[in-house]
Amino acid sequence: MAKYDPSSQEKHWQQFWLDNGIYHFNPKSPKPIYSIDTPPPTVSGKLHMGHVFSYTHTEVLARYFRLSGHNLYYPFGMDDNGLPTERLVETELGIKGSDLPRNEFIQKCLNTVDQYHQKYRDLWQSLGFSVDWRLEYSTISPEIRTLSQKNFIQLFQKGIAYRQESPALWCSTCQTAVAQAEVEDKQKDSIFYDLVFTLEDNKEILIATTRPELLSACVAVFVNPKDKRYLKLVGTTITTPLGDKVKIFKDDKVQIDKGTGIVMCCTYGDETDLFWKKQYNFDEKIILDKNCKFNQLALSQIQGQSVTQARKTIVDYLNSKNLIKKELAIVHDVGCHERCGTPIEIINTFQWFIKVLDIKEDILKFADQINWYPKTMKSRFIAWVENLKWDWAISRDRFYGISVPVFYCTACGEVVLPKDSELPIDPLSQSTSNTCPKCHSSELKGEHLVFDTWFTSGNSPEINSNLNQNLTDKKIKIPMSLRPQAHDIIRTWAFYTIVLSFYKNNQIPWKDVAISGHLLLRKGEKISKRTGGGTIRPETEISTHSADAIRYAMCSASLGLDTYYDANEIQNGKKLVNKLFNASNFVISALKDYQPQPLNPSALLPIDLWLYQKSLETAQDMAKYFQKYDYSHPRDLSVSFFWENFCDYYLEIIKKRIYELKPSDPQKISAQTTLYYSLQNILTIFSPFIPHITEEIYQSYFASQSGLPRSVHLTSWPKITKEFKITSDHQKIIDEILKIISLVRAEKSKNGINLAQPIDILTINHPWLTSPSLQDFLFDLQGVTRASQIKIQKSPDLSISLKY
RNA sequence: GAGUCUAUAGCUCAGUUGGUUAGAGCGCAUCGUUGACAUCGAUGAGGUCAGAGGUCCGAGUCCUCUUAGACUCACCA
């Protein structure tokens, strides 16, 4: 018999599914809709195994929901605008967005993105994803740009989106404001400099800082109210090493034992500076401009210099005047931009914000209305919301993104909105026919800022519910059924989606959230955004091991847990595929002389009914787990039913009937009927995990049977019914028979004897089994044990003896 | 500094609301294999459930503390 070759067959079935629209959403179906808010992966480079991991989880679950009677709505998007994509294009083409005319740069981005769409789609399809590819979206598409801009305009009109010049978290490499969620801590080497300040009585006093370059922006000095050393200085004036005079204040935030116990407050070195500025209403002294170069307000020597240059310059300068008394090398955590690793500065700029601090309570209430799987992920969300300190900065000083759709009146500065019909709009290259609502001037200047990608992808439920309307005449309703995603973007994507849904619909965006963990390469080694999993590439893994084996391996650990990439699991997947192929071929060959007939429990031998019932129970148990978004238990349940009950026991038990009985014998037909229906169940319950091999087997036999669907993926999840329940008496006997089979095998194995070795007499010593009660099982038992004769003797305990 | 999670066999993990003798796969050992399958079958060894205390008739499971690790947040002058 030909071996199964996944490398050709997987492609073949993927094409078959596409050609036949097997996974198409059917708007006319009466089944309840199950809708998935698939994460649109950011187009920022290659997809890595971490993507494969979490997307496979959703894929497997989606297949279960389809089989269990839902009209599955499974779209797919690509998040292909904004900073991450820009950075990809910049590195790939070796250009800088800032060096090119905006239109030209955007065109280059669009070209690059197109290639990536194809690559991404190819990968998902090579894994056998059951997505309806007619429902594919791209966040840079005109429809979605319109939707995003429209939503912005509504938020602006309600006063929820606002523009403000204020200190914002700023990345000097990316030249843009960033959101709190995009900042991550990094350990950096630094130096604590003890600088000489002068008191009113001309006495010198030391203040430690790691940011001497900000000295020109020093607006105050703080000590701790409990610090007896300095308390008497509060209220007096102090002179900085540069000669500026500032006042000394007291505040609890000062740590007595850190540095010299005295802190300078510079606008702005960190968030504490910002807090003090607001609290004590200091005047700002802004010395860093948007390029993170020092301006005219800074010390003349450092003007025009970057932060690192300036630090060196000013240290040299102060040293030359002997104003640094001590340098202490330290390692400390610095907030950096997660995309590029650059330390974040706080810079004053005009940015657009969405109010989120005002609605923390509402958001927390929404979090309660959503089912979180696993439950513990909800606490991460709550912790994030409770700790928010900034409104959501939604604008970015970048090029390739969805423009903030506003104009400014050059006469009076008023914000002018475009007409809805003018959307999508790029205010830099397009104009609006609206005029200034205040002074009616038509002299307008377009906004150059673009949206943070999350502002658009945060609308994904609405995007999904409006996709491809001619295919989905019934609108997909919000809340959608499921948001699947990984845990690293709880604070971004999940949070922003809930915020936007709150403002837009005052409704939760989805009923359930299923959060995947991360795939780890080795103990403690994450797949980082930079290296993207190194040499382990999804494409190679799939082509060398097969999609089915990879899918199987990805479902090994529980939802939400970080999991190691385990070559063993892939091997197990391969073995399962092989085992299923072999077992099925055996079953199908056993069905050669079989005419399919309706399944009638009373026409089945007890052991046959037992096996069939077991297949239904397994399906039912799996369903319980699947409904809780648990894919790993169902996987193991299906494997152990198939491997142990079906292969190791049942197939061996019925071989004698298959080989030796006439086609017309009811006992043979009973076995064949059981095989016929059980194998269908087995294929269905395995199909979410290993969709290719199950389709291969299904197509080789079942697809041509009358009354059966044309694909295993269109079958129904097996349902348990009372009529297929065996009696408890039979169950008891079967339990004993399985034990006896096991004992015979052990006995043979212990003596180094081939399991197929015939036995003259098998003697069963048993407390209550009798010949009549074994009547229905005797033939099978002879077959599986190879015993020509079976004797039963009464005995307090179960034991067996063999005579060869 | 705060929060969340994790700690079970050599490895990777199960262990549902506390209930007999703690499970699986891999690995290991021994044996077997001409009738679906060596990507196989059978049998077996291997665990004081991180540590200490507590509640209970009974704790891997609940509570407290300790230790180690991961993640998130805060601090980052």
Side-chain angles (χ1 to χ4, degrees), chain A residues 1 3-4 180 184-188 190 192-193 207-211 214 218 221-222 253-255 258-266 269-273 276 330-335 343 374 376-384 386-389 487-488 490-491 517-518 520 523-524 526 549 553 556-558 560-569 571-590 624-625 628 630 632-633 636-637 639-640 643-644 647-648 651-652 655 658-659 741-742 744-757:
Chain A
M1 183 160 307
K3 282 215 161 193
Y4 173 62
Q180 190 181 340
E184 69 179 9
D185 286 347
K186 276 191 188 289
Q187 293 227 316
K188 295 258 177 188
S190 186
F192 233 162
Y193 298 97
I207 298 184
T209 180
T210 55
R211 307 282 318 256
L214 293 177
C218 178
V221 164
F222 281 88
K253 282 185 180 270
V254 179
Q255 290 176 39
K258 187 154 186 175
T260 58
I262 317 180
V263 190
M264 59 176 195
C265 168
C266 304
D270 62 24
E271 289 176 38
T272 313
D273 293 338
W276 280 334
I330 57 162
V331 179
H332 66 166
D333 289 334
V334 179
T376 154
M377 291 299 173
K378 186 165 126 186
S379 55
R380 290 209 200 180
F381 181 86
I382 291 170
W384 173 253
E386 284 175 344
N387 286 311
L388 279 172
K389 296 222 168 70
H487 61 61
D488 56 334
I490 291 175
R491 61 184 182 155
H518 280 152
L520 307 178
K523 199 142 198 140
K526 281 197 288 190
S556 64
S558 303
L561 290 184
D562 290 350
T563 307
Y564 304 125
Y565 188 59
D566 187 351
N568 248 334
E569 285 291 340
Q571 279 311 315
N572 291 345
K574 283 182 169 176
K575 285 184 185 176
L576 175 66
V577 166
N578 182 61
K579 183 85 175 174
L580 181 60
F581 181 74
N582 284 316
S584 301
N585 279 327
F586 169 72
V587 170
I588 290 166
S589 72
K624 274 188 215 151
Y625 284 110
K628 293 185 282 183
D630 179 342
S632 60
H633 281 100
D636 295 344
L637 284 171
V639 171
S640 73
W643 211 298
E644 292 160 21
C647 293
D648 290 347
L651 290 185
E652 297 302 327
K655 269 180 183 169
I658 295 296
Y659 287 137
I741 294 171
S742 176
V744 172
R745 285 174 172 174
E747 184 65 21
K748 285 180 167 177
S749 192
K750 217 177 283 168
N751 297 319
I753 290 167
N754 176 358
L755 294 189
Q757 172 86 31

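Below, read A as the first sequence line, B as the second, and so on, with proteins coming before strands; counting in each chain starts at 1.
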Rounded to whole Å, how long is the line connecting atom [atom1] of [X] with atom [atom2] of [N]?
{"X": "A:N578", "N": "B:rU39", "atom1": "CG", "atom2": "C1'", "value": "5 Å"}
{"X": "A:D270", "N": "B:rA74", "atom1": "CG", "atom2": "P", "value": "13 Å"}
{"X": "A:N582", "N": "B:rG41", "atom1": "CG", "atom2": "P", "value": "11 Å"}
{"X": "A:R380", "N": "B:rU72", "atom1": "CZ", "atom2": "C1'", "value": "6 Å"}
{"X": "A:N585", "N": "B:rC37", "atom1": "CG", "atom2": "C1'", "value": "10 Å"}
{"X": "A:E644", "N": "B:rU43", "atom1": "CD", "atom2": "P", "value": "11 Å"}
{"X": "A:K378", "N": "B:rU4", "atom1": "NZ", "atom2": "P", "value": "14 Å"}
{"X": "A:L520", "N": "B:rC11", "atom1": "CG", "atom2": "C1'", "value": "15 Å"}

Phosphate OP1/OP2 of B:rG3: any A:W384 side-chain N/O under 4.0 Å = no
For B:rG41, does OP1 or OP2 lie under 4.0 Å from any side-chain N or O of A:K579?
-> yes
Would you indicate what [X] reaches in the nucleic acid, counting non-hydrogen atoms under 4.0 angstrom: base, sugar-phosphate, or nothing?
{"X": "A:K750", "answer": "nothing"}
{"X": "A:E569", "answer": "nothing"}
{"X": "A:C647", "answer": "base"}
{"X": "A:W643", "answer": "sugar-phosphate"}
{"X": "A:G335", "answer": "base"}
{"X": "A:A383", "answer": "nothing"}
{"X": "A:G259", "answer": "nothing"}
{"X": "A:V577", "answer": "nothing"}
{"X": "A:S584", "answer": "nothing"}
{"X": "A:E652", "answer": "base"}

Suppose we define a pair by two distances each less than 3.5 Å, Watson-Crick or G-U wobble; what does [N] pair with here?
{"N": "B:rG58", "answer": "none"}
{"N": "B:rA36", "answer": "none"}
{"N": "B:rA70", "answer": "B:rU4"}
{"N": "B:rC26", "answer": "B:rG10"}
{"N": "B:rG53", "answer": "B:rC63"}

The answer to which of A:G261 and A:Y4 contacts RNA chain B further toward the 5' end, by nearest nucleotide, is A:Y4
Contact nearer the 5' end of RNA chain B, comparing A:A756 with A:T210 = A:A756
Please tell me which of the listed nucleotides, [options], lies nearest to the side chain of [X]?
{"X": "A:Y564", "options": "B:rG32, B:rC13, B:rG25", "value": "B:rC13"}
{"X": "A:Y659", "options": "B:rC5, B:rA36, B:rU43", "value": "B:rA36"}
{"X": "A:K389", "options": "B:rU4, B:rG41, B:rA74", "value": "B:rA74"}
{"X": "A:S749", "options": "B:rU43, B:rC71, B:rA36", "value": "B:rU43"}
{"X": "A:N754", "options": "B:rA42, B:rG32, B:rC26", "value": "B:rG32"}
{"X": "A:N572", "options": "B:rG35, B:rG25, B:rU43", "value": "B:rG25"}
{"X": "A:K575", "options": "B:rA70, B:rA36, B:rC26", "value": "B:rC26"}
{"X": "A:R745", "options": "B:rA70, B:rU4, B:rA42", "value": "B:rA42"}
{"X": "A:K655", "options": "B:rC75, B:rA36, B:rU43", "value": "B:rA36"}
{"X": "A:L651", "options": "B:rC37, B:rU12, B:rA36", "value": "B:rA36"}

Can you find a heavy atom in the side chain of [X] that is under 4.5 Å from one in the side chain of [Y]?
{"X": "A:W276", "Y": "A:T272", "value": "yes"}
{"X": "A:V744", "Y": "A:L755", "value": "no"}
{"X": "A:C647", "Y": "A:K579", "value": "yes"}
{"X": "A:E652", "Y": "A:R745", "value": "yes"}
{"X": "A:D562", "Y": "A:H518", "value": "yes"}
{"X": "A:Y4", "Y": "A:V577", "value": "yes"}
{"X": "A:W643", "Y": "A:L576", "value": "yes"}

Whole-angstrom distance between [N] and [M], as gauged at atom [atom1]:
{"N": "B:rG35", "M": "B:rU43", "atom1": "C1'", "answer": "24 Å"}
{"N": "B:rG53", "M": "B:rG60", "atom1": "P", "answer": "14 Å"}
{"N": "B:rG15", "M": "B:rG47", "atom1": "C1'", "answer": "14 Å"}
{"N": "B:rU20", "M": "B:rG1", "atom1": "C1'", "answer": "47 Å"}
{"N": "B:rU12", "M": "B:rA7", "atom1": "C1'", "answer": "14 Å"}
{"N": "B:rG3", "M": "B:rG10", "atom1": "C1'", "answer": "34 Å"}
{"N": "B:rA14", "M": "B:rA9", "atom1": "P", "answer": "13 Å"}
{"N": "B:rA22", "M": "B:rU48", "atom1": "C1'", "answer": "13 Å"}

Distance-only, no hydrogens or angles: does the [X] side chain make a donor-acceptor pair with backbone N or O of [Y] under 3.5 Å?
{"X": "A:D273", "Y": "A:C265", "result": "no"}
{"X": "A:T563", "Y": "A:L561", "result": "yes"}
{"X": "A:N582", "Y": "A:N578", "result": "yes"}

Kindly give the atom pairs (protein nitrogen or oxygen, nucleotide nitrogen or oxygen) under 3.5 Å for nucleotides 14-16 of chain B.
residue : atom : partner : partner atom : Å
B:rA14  : OP1  : A:S558  : OG           : 2.9
B:rA14  : O3'  : A:H633  : NE2          : 3.1
B:rA14  : O2'  : A:H633  : NE2          : 3.0
B:rU16  : O2   : A:Y625  : OH           : 3.4

Under the 6.0 Å and 45° cation-pi test, does A:K258 pair with A:F192?
-> no
State which residues pass side-chain hydrogen bond (donor to acceptor under 3.5 Å, both in side chains) with A:D270; sequence neighbours excluded, sorted by chain then number.
-> none
